[in-house]
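Have a look at the structure below, then the notes.
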Amino acid sequence: MRTSIFYYTGTGNSLWVARQAAEALGDADVRSMSAWLQARPAIDSTSIGLVFPVYIWGVPAPVMRFVAALPDLRDRYFFAFATNGGQVSNTLVQLQKLMAGRGLRLSAGFDIPMPSNYIPWGGPGPRQVQEQRFQAAQAKIAANAAGLKLRRDTPIEKGPLWQRIVFSAIYKACFGYVPRMDAKFFADEKCTNCGVCAKVCPARNITIESGKPLWHHTCEQCFACLQWCPTEAIQYGKRTVRFERYHHPAVALKDVLKTRP
Ligand SMILES: Cc1cc2nc3c(=O)[nH]c(=O)nc-3n(C[C@H](O)[C@H](O)[C@H](O)COP(=O)(O)O)c2cc1C
């Protein structure tokens with residue numbers, strides 16, 4: 001393959017964007033970062049894409065681990081798509097710096113607004129607006145495919161300065177607490193003990209104890225457990241019971257399960 005596109009996803013947006021990019025580029029495969037981290041096979045492709053969600057206005061820890069584990073690939077062309085709910089902030093600049101620290105060069109970084117899966121702040125928004133975001137994402141990927149094929153340098157996209165200052169400070173303050181942020185998850189009376197939450201957790205942070213999920217404080221905050229629960233039994237604090245669940249409509253649970261360790 002000429003291009004390998006590696007993704008990390010909780011609710012499918014980033015997997016869908018990775019698939020769209022592979023289709024637009026041609027001669028490309030789509031691979032899970034978690035699966036690669038398990039076996040760390042050689043990467044032969046000349047171009048490498050990274051697709052992942054923005055978490056708390058920055059790069060999620062599993063993506064940092066992926067970048068840290070990459071071998072010496074300084075002769076390759078790297079690009080990235082950061083999917084987000086509308087505030088990419090400094091995420092792609094942060095990724096560029098992380099990669100530079102490993103001697104790798106991020107040549108292009110794109111902000112891809114998608115429906116938000118951050119349910120503590122509400123649902124994903126009206127279907128029509130979701131559809132508009134999918135179409136805009138597709139159009140942006142298609143518009144940039146030629147440049148990516150030619151391995152062109154494109155400015156790394158970022159949010160307004162005030163966001164980058166304020167939100168990067170919040171990211172830094174919160175980052176260390178993410179694994180323990182699962183303290184607010186619980187399963188309500190709708191739980192059927194099906195075990196989907198444990199299976200879909202990329203961090204293997206959930207076990208089923210006495211018929212209910214138990215979170216073990218190695219959470220990545222991807223919200224896959226809550227969003228993929230077939231009975232909507234998983235809640236995060238008191239508010240989420242009121243909000244619509246979300247996963248990308250073209251991504252199935254089995255697609256995400258395949259990527260889990
Ligand atoms: C813990 C968490 C934090 C998030 N923080 C942000 C954020 O800072 N800015 C933003 O625009 N979207 C944020 N989001 C929304 C996701 O980035 C967005 O929905 C993304 O496309 C989800 O990708 P996935 O479906 O591949 O997991 C956050 C989501 C989660 C779960």
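Residue indices begin at 1 and follow the sequence shown. Owing to the predicted nature of the structure, the values given are computational and were not obtained by experimental measurement. Start at 1 and go down the list; that is how both ligands and their atoms are numbered.
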Testing H248, H247, R19 one by one against D255 for a side chain to side chain donor-acceptor pair (under 3.5 Å), which residue passes? R19
Atom indices of ligand 1 within 4.0 angstrom of [X] heavy atoms, with elements:
X    : result
Q87  : 9 (N), 10 (C), 11 (O)
S116 : 15 (C), 19 (O)
T11  : 24 (P), 25 (O), 27 (O)
Q221 : 1 (C), 31 (C)
F223 : 31 (C)
G10  : 24 (P), 26 (O), 27 (O)
Y55  : 2 (C), 3 (C), 4 (C), 5 (N), 29 (C), 30 (C), 31 (C)

Just to confirm my output: which protein heavy-atom neighbour is closest to [atom], and how far is it?
atom                    : answer
atom 12 (N) of ligand 1 : G85 N, 3.0 Å
atom 28 (C) of ligand 1 : V54 O, 3.3 Å
atom 24 (P) of ligand 1 : T9 OG1, 3.4 Å
atom 30 (C) of ligand 1 : Y118 CD1, 3.5 Å
atom 16 (C) of ligand 1 : N117 OD1, 3.4 Å

Classify the ring geometry of Y171 against F175: parallel below 30°, tilted from 30° to 60°, perpendicular beyond 60°.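 Geometry flag for F175 against Y171: tilted rings.
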Check whether [X] reaches the backbone of [Y] with its side chain - one donor and one acceptor, N or O, closer than 3.5 Å.
X    : Y    : value
R239 : P120 : yes
S32  : S34  : yes
D72  : R74  : yes

Decide if atom [atom1] of [X] counts as having more than 12 heavy atoms of other residues, nucleotides or ligands within a radius under 6.0 Å.
X    : atom1 : answer
K184 : NZ    : no
R204 : CZ    : no
Q128 : CD    : no
K190 : NZ    : yes

Among V88, N13, I56, which residue places a heavy atom closest to atom 5 (N) of ligand 1?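 Among V88, N13, I56, the closest heavy atom to atom 5 (N) of ligand 1 comes from I56.
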Which of these, V17, V51, T83, has its nearest heavy atom closest to atom 21 (O) of ligand 1? T83
Would you say P115 touches ligand 1, if touching means a heavy atom closer than 4.0 Å?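 So P115 counts as touching ligand 1.
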Just checking F66 against F6, ring centres under 6.0 Å apart?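 Close enough - the centres of the two rings lie under 6.0 Å apart.
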Pairs of nitrogen or oxygen atoms closer than 3.5 Å, one from [X] and one from ligand 1: do any exist?
X   : result
P53 : no
L15 : no
W57 : yes

For F223, which of W228, F185, Y246, Y55 qualifies under ring-ring contact (aromatic ring centres under 6.0 Å, His included)?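 So the option named by the test is F185.
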